[in-house]
Structure formats: structure tokens, C-alpha cells
Chemist: 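Just dropping this structure here.
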Amino acid sequence: MRRRIPLIITFIIGVVLITGYFVTRGPFNTLYESFSDYFAIITVFAFILGGGSLLKIHLKRVSSRAADWPYSVVTLVAFLVTLVIGLFKVGNPGGMGGEILASGSWLRFMFDGVYNPLSATMFSLLAFFVASASYRAFRARTKEATILLSAAMVILLGRTPVGAWLTAWMPESLAFLELPNLANWIMAWPNTAGQRAIMIGIALGVIATSLRIILGIERNYLGRGE
Amino acid sequence: MRIPDSILQIDRRIIFLLIGAAVCIPLLLKPRFQDSPTPIVQSIFDTVERLPAGSRVFLSFDYGPDTAPELDPMAKALVRHTMTRDLEVSFFTLFPEGVGQIKKITDNLLPVEFPDKAYGRDYVNLGYKAGLGGAINTMVVNFRTLVNADAEGTPLDDLPITADVDEMVDYVIILSLTAGDPGLKEWIQFAGDIAGIPVMGGGTAVVAPELYPYYPQQLVGLMGGLKGASEYESALVDRYPAYRNATMEATMRMGPQVVTHVLIVLLVLLGNLAYFLGRAGRGNRAGRKGLAGRTGRGGQS
Amino acid sequence: MRLFPTTRIPRDLPSSYARPRAVLAVSAFAAIFSLHRAVSAFAAVSILLRGVFAFAAVFALPHADPVFAQAASESGWFNTDRTQALVLGIILTGAILLYVVLASAGRPLFIRKIAGLDTVEEAVGRATEMGKPILYVPGLNDMDEVQTIASMNLLGHLATIIAGYDSRLHVPVRKSLVMSVARETVQQSYLSAGRPDAYQEDDIHYVSDAQFAYAAAVDGIIVREKPAACFYLGGFYAESLILAETGNSIGAIQIAGTARPPQLPFFVAACDYTLIGEELFAASAYLSKEPRMLGSLKGQDAGKGIAIVFILVGSALATLESITGSETVREVSEIVLWLFR
Amino acid sequence: MDVTLMLWIDAALTLMILSFLYRDNPFYKFAEHLFVGVSAAYLMAVGFWDHLVPNLLGKLFPALMSGVVPGAVGRSPDYYYIIPAVFGLLLLTRLVDRWAWLSRWALAFIVGGAAGFNLPRFLDSDFIIQVQSTMIPLVVLDASGNLIWGASFSHIVLVLGVICGLVYFFFSVEHKGVLGHVSRAGIWVLMVTFGAAFGYTVMARISLLTGRMEALGAWLGSIF
């Protein structure tokens, strides 16, 4: 019972949505088109579980004086303050009816002043990591690694005016070997071939996995056994 | 320790330092590297050139401030181009943060560079719609159920530019500037393939490789990253020399790119040189990375 | 896929099903007739019936109801633009179902080695030896993505292995829903492994919905807890390399897998093993070796076979058309390739 | 908000995160924990006001929400939205041990929905259309019927590349003999793809750092 009903729900909703894709109107189609909406709503309910987990973990760290517990205080204070500001639209010029991110609101300040610089800087760490990763991984150890490395080098050079300058001496008849042209050719053809093979494979993986889920063959997500 | 080994096991913080320098120094010295458009970018430019004046264009800003350095130059170049060609542009976004990106164009660029263009007549801001790819789907199925007013809440019927827009197919082309999901891929899947509206646009250098497979059947053209933007700028400047000074934003930003790209290539070459020298010295045994020999790989490397 | 091969791990499965593709279809149909030998034929048939019902529903429901049917003929209930998708969908799902049925009827199925998955046990053992935790990152996507569901299934298998080894499994998640599912999955795995006491609910915890806040926190976990093994399985975005490089800097064994093609190059460069696209979906079948799962994998292969055949036929016809310029060839290819518009 | 203050906060937080490149340290820990707290609450609040209020409360109780949800006035309730409300509430049964098993119903709804929503989508766009776009002539002729070598070669590379790549993904057949060679070629195609995509992406990553450095530059500029 506890296990069968979820499987029946999965089956019905899966079939209804697939039907909704092929049927242009009626309840099936409505469900297909509204699924993203429904999902977003359920996600908000799930926030209660997520927020609860966050609070519990950090409160526990503080109360047990675990390593680095003062930082958990930072998280707790930041979380609660921002939550109150956001849910009650504190400082929002339009009051409770105002747009959530109206300029001048406190939440807007949290976004522009704290969230944004932190997010952008974390993101920018990638500039350093692509360099360290390529330094380490791009070694001609095996044939495969050599191919990877060569393709990367051609693109790296071809994507800058330096590539054009390096191969500008080539005769007109060999223009296709100039680095920017070679780089574009690799992107447009072999790269496309690889991407396509991966995409077709993924599509089949998604189709088969979805089918296994709908038919109840894959049911780990409900917990295994009984 | 032998020299090749010390090069191979260089502290990665030295690499970090070099990258930092390679970005900062060109930012201070501001060198300029001129570019020329490749076919995949030229195709967007030519399409915009060919559209008759008054054609309705849909321009979706599917990105936030994170990726603005790459995509803003494309947005500006496209807006300048479409406005110069007298096309009617509807701005839109599938990213909540995209609203701010549109505002930068409608508040700062358009009133200054195109004072004769009027809001509601020559361009309109349709604002943000939630629902990711599903939103596109809804717009294609029934445009007005999702979009019935502009970002300020003015009904579409009250704006001359949108009064006749009843369906998505009333737009001759969809342009998207893409930072991730949803973006060009979803526009292709839900609008291009299904409603037959041509789709083109630009993407960050991260999403662009994933979009190449759609070109040229499902995607008219693609600007990939800053380089794509700088190519579009140069196409624009070639055709409309008046923009020579205004639109070189991407071209200017190419300085740090050139230096870091060359630096990475040199580092990789150095690494390989050290690897081969080291391998020659040790009779070809080393170099295979495997679970057994992994323990030495820990710590700072 | 492993970029830098090491020792070969011997195959532990019979290769009895390694036949040329050409006879595949014939043998498949022959197999149906040998069904009577099947011990578990009943289970097999029930799956097939469910599958048939699923597609009958798609087809019939709009037409079964007379009111529906009339409306359909008048104003088009069925989206005719999607006829091909429907037909191909039936063919592909039919192929998958067929092999699921054959497999559950006891037909032995071969599965090739997927590098990385054989190392899981070794990695877990190493973590236990070193007394260090294992980090599992289920990606950024929510439960509305199939690859997240695949990741949860893998987490289930992994947790079963870990439960036997007595090491700590740490799962920071970005989405509350994923946390719920992960807790359910891991708890049940520990239960079925007979170690319900080892399950720690708080080790599977929510971090933040913000991509880079999540990345910052996971980076913090990596450098402070120094896990012996890091698994990155699911849908990843730009943070892939931030995590993988940090994991690399502490010398962890790293096994990654994603069906988000843009991130594959970074995992390939920075991790020890990477499951490429479809391999992520196959991993669950590979680890469980459950016949029905292996059968569906074989069905996926049939799908690739169909793709290859159509690409070859389509290109051949297009080539012929381009050389001869013949109208007849064009018409023939239009009929042959109707499925692909 | 004061522009100078914003510049200082921006610069301080930027430097705290960048310090991680050297090693883990108290500044990074502070920034990380601040980020987690602020962002989690921020996105919860936005989710509440952007999804729950207009899409659920606004759809079910338009009259009640008319002050908060623009356009809700005079709209009749949309009862389809009881579905997500019920499943959302079911999800919360996890909080009560006795009823926790009911939350599986909600998970079943979501997982089934994900499967049903994605199956046809991937079938259409990533299977059918990708196969279709690969059906291209292997020989490309110009208007007067002469062979164009370059384009023909490119087309052959694409078609063979896709096929080899697909063969690599065959799971149920052993990769030996002819199939082994083809699958090996498939790996090479994938390696070219990965190398190319990696190299192509470097530009985006450097752009991000450029953006951050420009922000730091603005801060330095405000001091000197």
C-alpha cells in the first residue's frame, strides 16, 4: 500500500503528461503546460524542509560548540535577517503590494550588495581553475589525451587574433589551415559530431530512464526494499 | 629534485598568480586587437540587414549580471543594429535578473543614442515571465495568455508596436542572448522547431559549443562569447563606420583574453616539455596516473 | 570514460550476447517465441501490458470518448505535427520494453565495462581505510530533471556499498526536494543493508539554492573534511570545475558523471573517471545488474542502432540526390525518411 | 544606498572569496557562511513571492489576494491548482514521523511528472532532430556540378563522427574487432569535442575575472 500507491501516482502522471504532449487541448494538455508551474509551487513547500535542515545543522553546531561554530552564527543571523526582510518586504517602497525586488527595498540591497559580488567572485574563480586544470590535464600521456590537448590548443589560439597572426604566412591555398579557420572548422564539424552523438545518447538515456520510472522498474527514489 | 619534476609539480598558486597578472596588466594598458567576422556571426548580421524596415523582432535577454560582461556587448550591438535598420523590437527575458539587463538598454542606451525612437512605437519591454522553457511553450501555443501587458502593466493593445501581435508567429525572428537554461536551446526546441520562427542570437562561450549542432538548420547564426561579440562589432563598424568609437566594448575586453590564452598555451607547452624530459630521464616508466601511484598526488599541487 | 588508462579490470560477465547487429532484429523476434521457456513470464507480461496500456492511453484516450473523437475530427485534438514523434516514440519504447521483457524472461545480457563504476568499491574501501568521509554531490538540478533521478538511484546503490564499509557519507544538496529524496533513498539503503543505525539524517543536508553559495559551501566541506572520494553525479553547471579542482587539490579520488554536455570537458580534465552523458543513465543498470534494467539498456542500444541506420540511409539518399539531381530519388527519400520529417 | 559604501562591501567580499585561492582561511569562511545564509533566505523569499503567492494563492483565492497580486481582481479561482497544493502539503508530512510515508506520494508525483514531461521533449528535440540534421549528402557539388572537396570532407567527418560516437555508447555489445576500432574512433571524436569545448570556454571564464577586476578597479579608483 505504502509503496504501490506512489508507483500508481508515478504511472498515471507520467502517462498523462506524455499524452498532453501529443494532445493539443483538454485536461491532458493543461497538465502538460502547467507542470512547470506546479513543480515551482511544490518547490516552495519544500523550502520549509530545506530551511529547517539549514537551521537545524547550524543550531546544532552552535550548541555543541563544534569546530568553526562562530561561522554558523554568521549563517544563522544572515539567514534569519534576510528571510524576515524578504517575507515581510521590509523597507519596500511599495509596501506589501510592492514588487519584491523594487529598487530601494532592503532585499534589493541584500542582492546587489552581498549576493551579487559573492556570486560573481565565486564564478570568477573559474578563470584560475581552467588554467590549473589545463596545465595538469593537457599532457600527451596517451593518444586520447594528445587529441584532447591538440584540439584545445588549436581552439585556444584560434580564438584570439594571435592565432591569425601566427599562421598569416600560409599561402592562400592553405588558408583553411590558418588557426582561426581551423578552430571554427573544429567547432562546426568534429565538435558538432561529438556533441550530437552525446545528445542522441542522452536522449535515449532520458527516454529509457523515464520509461523505467513510469513503469515502476526504477524505484530507488522511493527507497529500496520495503 | 630534478628540474622537470619541479616544473611538473609546480605549486598551483603560482599559476593562479600568473593568471591574475595576465588579466590585470592588459586591463591597465588597454591594448586593442581588431577582429573580423566569421560566417556564423556574419549570418546574423546579414539576416538583420535583409529584414525590411518595420519588421517585428523579439529579443530575449536570457542572462543576469553574472554573464553581463560577455553578453552586454552583444545586446548593445544588436540593439544599435536593429534600431539603425528601423526594426520594431520587443525586449523580453526568461531570467528574473534579465529585467535589470533590459533596463540598462532602455534607460541608458536608447534615449541617448536613439532619441527619436519612442517607447511603445519602436520598442517595448515585455518584461520577465517565469516558467522557463514552459513559458516559451505557452507563448507559442497562446501568446496572449502569458503576455498581455508590457513590463509596466500597460495592455499590449494600447501600445502601437504590439497592438497587432496576437501570436508568437507575428514576430519574424527570435533573438536570444543566452547564459544557460533556459535560452537559445529552449527557444529552438519550443519556438523555432514548433512554430517555425527563425531563431538566432548569442551565447556565453560556455553554452555556445552546445549550440553549434543546431547551426545552420535550426539556428540561423550564433555569437559565441566575447569573441563572437567582437566579431559582430567589427561587422557593424564595417557597415556603419559611425559606430567606430561607440561599439568597441567587446573588442576592448579582448586584451586580457589574448594574454591569458597565450599564457595558458605556453604553460601547457612547458608542462609537456617537462613531462617528456622527465620521462626520458626515467626510462619511460612514469606518467601514468593510476590508483596505485596516486598517493603522491595529494596536498598542494 | 577514463583518459589515462591504468590496469585492466577483468570482465566478470559472459559475452554470450555479443552478436552482430544485423541478426539482432531476427533474434529478437525469435526470442519472443521462446518465451514459453521463461520462468518469470508472468512478470514479463505484466510489464509489457503496462507498457502497452501506457501507449494505448496516449493513442486511444482522445478517441475513445465519442465526444472527444468528434472534437478531434473537427478541431484537431491530436497535434499532427507530432505524428512522427509519436511513431518513433512507440518504436523506441517498444524496443526498450521488448528487451525488458526478454531480460526478465531470463535471457542473459552482456554489459560492457563502464570505467569508473568498477572503482566505486575500491574508492569506498580506501575511504574507510583512511578514516575519511565520502562526498556525494547530486548536481544542481532539481527533481524535475531525469538525470537527478538517475543520480538518486546511483546514490541508493552507493549507500548500500558504503553501509557495508562503515564510512561516513556526506551529501550536501542544493534543492530541498532532492534532499528529501536523498534521505529517503539512503535511509532505505542502510536499512536493507542491515545497518539502520549507521544512517545519519543530518549528513544529507540542504545548503542553499544559490548556485555559487552552494559551490562555496561544498568547496569549504572539501578542504575542511578532506574526503577520500568525491562523487559528482547529476546535472552540473559552471561549478563543476570549481568543485573538481578543489577536490583534486586535496588528492581525493574523483568520479564524475553528467548529462549536461557543456560540463563534460571539465570533469574529464579534472576527475579520475567521468561518466559521459548516456553512461550516467546506464550506471544504475550497471551497478544493480538487475535483468530488467540491463534489458532496457539493450533497448537503448537498439535506439542507437536505429539512429545509425537512419543516418546511413539518409546520408546515402541525400548523396544520391545531390549527385543525380533526380526527382525520383527525392521522392523515395521523402517516403523513406518520413519519420524524420 | 551610499555608492562608496557599496563599493567597499563589494571589494571586501570579492577579496575574501579570492583569498581561497591561497588557502582556506577565516575571511573565506566568513564570506562563505554569509553567502549561504543570505542566498538561501533570499531565494526562499523570492520563491514565496514569485511562485506561491501569484501562482497558488492568487489562482485559488484571487479575491483574497487582490491587494498583493496584480491582475487577480475579478478572476475566478482556477481549481487545477489544488493539485500542487495537495502534493506540496503531502511533502510536509515528512516532518511528522507517523505520516512521513505520505511524502512519498508527493515525490511520486514529481518524479512521474519529470519523466512524462521530459520523455517526449528529448525524443523530439534531441533524438529526432539531431538524427535528421545528420542526414546530409556526403558529396557536395557546386552549381555547375563540380565537387567541393572541403565541404564534402566536412560532411563526411560529421556523419562518420556521429556514427563512431554513437557506437562508443553501445553498452550491450563487447567493443572488440571492427566494433572496437569504430568505438575507439568514437572516443577520439569525443576527445576532440571535449578539447574544443574546453578551449572555447576559457574565454568566458577570463571574462568573468575581468569583470571582477574592473569592480576592484572601481573601488581602488574611489580611494585614490
Side-chain angles (χ1 to χ4, degrees), chain A residues 2 6 9-10 13-14 17-18 21 35 37-38 40-42 44-45 47 71 74-75 78-79 82-83 86-87 97 100 109-110 113-115 117-118 121-124 126-128 130 144 147-148 151-152 155-156 186 189-191 193-194 196-197 199-201 203 206-207 210 213-214 221-222, chain D residues 1 9-10 13-14 17 29 33-38 41-42 44-45 47 49 51-52 55-56 68 84 87-88 91 101 104 108-109 111-113 115-120 122 126-127 130 154 157-158 161-162 165-166 169 188-193 195-196 198-200 202 205-206 208-209 212:
Chain A
R2 291 186 175 192
I9 293 175
T10 306
I13 188 73
L17 288 197
I18 294 177
Y21 184 78
F35 177 71
D37 264 2
Y38 295 174
I41 292 167
I42 298 177
V44 181
F45 281 94
F47 275 151
Y71 298 103
V74 175
T75 301
F79 179 76
T82 314
L83 198 62
L87 290 183
I100 172 98
F109 166 74
M110 288 307 233
V114 182
Y115 185 112
L118 284 169
T121 314
M122 268 316 285
F123 202 175
S124 75
L126 280 170
F128 302 97
V130 284
E144 283 77 21
I147 295 173
L148 180 87
I155 303 289
L156 272 173
I186 291 178
W189 301 98
N191 168 62
R196 247 180 217 165
M199 281 163 83
I200 294 173
V206 169
I207 291 169
S210 302
I213 290 164
I214 293 172
Y221 64 92
L222 289 174
Chain D
M1 193 55 71
I9 297 177
D10 187 307
L13 294 176
T14 302
I17 295 284
K29 282 183 197 167
H33 283 81
L34 176 73
F35 194 10
V36 166
V38 169
Y42 168 82
M44 284 179 192
W49 285 108
H51 291 295
L52 204 69
N55 286 350
L56 184 68
V68 196
F87 283 107
L91 193 72
W101 56 277
R104 286 183 181 180
F109 173 81
V111 169
F117 188 71
N118 284 305
L119 191 152
F122 274 86
D126 282 20
F127 184 81
Q130 292 308 317
S154 302
V157 166
L158 179 69
V162 173
L166 281 174
F169 286 113
W188 295 344
V189 174
L190 295 182
M191 284 301 135
V192 173
T193 305
F198 192 114
Y200 200 91
V202 170
R205 305 316 192 202
I206 302 300
L208 297 166
L209 185 58
R212 280 290 86 198

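Here is the naming used below: chain letters follow the sequence lines, and residue numbers restart at 1 for every chain.
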Chemist: With only heavy atoms counted, which part of A/Tyr71 is less than 4.5 Å from chain D, the side chain, the backbone, both or neither?
Modeler: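 Contact with chain D is through both the backbone and side chain of A/Tyr71.
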Chemist: Which pair of non-hydrogen atoms, one from A/Met122 and one from D/Ile17, has the smallest distance, and what is that distance?
Modeler: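 A/Met122 and D/Ile17 have their closest heavy atoms at SD-CG2, 3.7 Å.
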Chemist: Heavy atoms, side chains only, cut-off 4.5 Å: are D/Gln130 and D/Val162 in contact?
Modeler: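 Sidechains of D/Val162 and D/Gln130: no contact.
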Chemist: Taking the side chain as everything from C-beta on, heavy atoms only, tell me whether D/Arg212 gets closer than 4.5 Å to A/Phe123.
Modeler: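 They are not in side-chain contact.
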Chemist: I'd like to know if the side chain of D/Trp49 reaches the main chain of A/Gly86, judged simply by a donor and an acceptor atom lying under 3.5 Å from each other, with no hydrogens or angles considered.
Modeler: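 Confirmed, D/Trp49 side chain pairs with A/Gly86 backbone.
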Chemist: Among A/Ala151, A/Ala40, A/Pro190, A/Pro117, which residue forms the greatest number of heavy-atom pairs with chain D at distances under 4.5 Å?
Modeler: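 Looking at each of A/Ala151, A/Ala40, A/Pro190, A/Pro117 in turn, A/Pro117 comes out on top.
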Chemist: With respect to chain A, which residue among D/Asp10, D/Asn118, D/Val111 yields the maximal number of heavy-atom pairs within a distance under 4.5 Å?
Modeler: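 Max contact count across the listed options: D/Val111.
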Chemist: I'd like to check D/Leu56 versus A/Phe45 (side-chain heavy atoms, cut-off strictly below 4.5 Å). Are they in contact?
Modeler: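 Yes, side chains in contact.
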Chemist: Side chain from CB out, backbone as N, CA, C, O: work out which of these in D/Tyr42 comes under 4.5 Å of a heavy atom of chain A, or both, or neither.
Modeler: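 Backbone plus side chain of D/Tyr42, per the 4.5 Å heavy-atom cut-off to chain A.
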Chemist: Checking heavy atoms, do the side chain of D/Phe169, its backbone, both or neither come under 4.5 Å from chain A?
Modeler: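 Contact with chain A involves the side chain of D/Phe169 alone.
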Chemist: Please rank D/Gly165, D/Ala41, D/Gly47 by heavy-atom pairs under 4.5 Å with chain A and give me the top one.
Modeler: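 Highest number of pairs under 4.5 Å: D/Ala41.
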Chemist: Where does A/Phe128 contact chain D at under 4.5 Å (heavy atoms): side chain, backbone, both or neither?
Modeler: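 For A/Phe128, side-chain heavy atoms alone lie under 4.5 Å from chain D.
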Chemist: Measuring heavy-atom distances to chain A, does D/Trp188 have an atom under 4.5 Å in its side chain, in its backbone, in both, or in neither?
Modeler: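 Both backbone and side chain.
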Chemist: Less than 4.5 Å apart, any side-chain heavy atom of D/Leu13 and any of D/Leu34?
Modeler: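 In short, these two side chains touch, coming nearer than 4.5 Å.
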Chemist: Counting heavy-atom pairs closer than 4.5 Å to chain D, which one of A/Ile200, A/Ile186, A/Leu83 comes out on top?
Modeler: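 Result: the option with the highest number of such pairs is A/Ile200.
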Chemist: Please identify, among A/Thr82, A/Ile100, A/Leu118, A/Ile213, the residue contributing the most non-hydrogen atom pairs under 4.5 Å to chain D.
Modeler: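 Among A/Thr82, A/Ile100, A/Leu118, A/Ile213, the one with the most close pairs to chain D is A/Leu118.
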Chemist: Evaluate the side-chain proximity of A/Thr121 to D/Phe35: yes if any heavy-atom separation is below 4.5 Å, no if none is.
Modeler: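 Of all side-chain heavy-atom pairs linking A/Thr121 with D/Phe35, none is under 4.5 Å.
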Chemist: Quick one: of A/Ser124, A/Gly14, A/Gly194, who has the most non-hydrogen atom pairs under 4.5 Å with chain D?
Modeler: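 The answer is A/Ser124.
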Chemist: Less than 4.5 Å to any heavy atom of chain D: does that hold for the side chain of A/Val44, its backbone, both, or neither?
Modeler: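 Interface part for A/Val44: side chain.
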Chemist: Quick one: does D/Phe109's side chain get under 4.5 Å of A/Ile42's, heavy atoms only?
Modeler: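 Side-chain contact under 4.5 Å: yes.
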Chemist: Side chains of A/Tyr21 and A/Leu17: closer than 4.5 Å at any heavy-atom pair?
Modeler: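 A/Tyr21 vs A/Leu17: side chains apart.
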Chemist: Please determine, among D/Leu158, D/Ile9, D/Ile206, D/Val189, the option with the most heavy-atom pairs under 4.5 Å with chain A.
Modeler: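 Of the candidates given, the most pairs with chain A belong to D/Leu158.
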Chemist: In terms of heavy-atom pairs under 4.5 Å with chain D, which of A/Leu156, A/Thr10, A/Val114 leads?
Modeler: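 Max contact count across the listed options: A/Thr10.
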Chemist: Using non-hydrogen atoms and a 4.5 Å limit, figure out which bit of A/Val206 sits close to chain D: side chain, backbone, both or neither.
Modeler: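 Answer is side chain: those atoms of A/Val206 sit under 4.5 Å from chain D.
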Chemist: Only pairs of heavy atoms separated by less than 4.5 Å count here; which of D/Gly88, D/Pro84, D/Ala45, D/Gly199 has the most with chain A?
Modeler: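 Counting heavy-atom pairs under 4.5 Å, the top option is D/Pro84.
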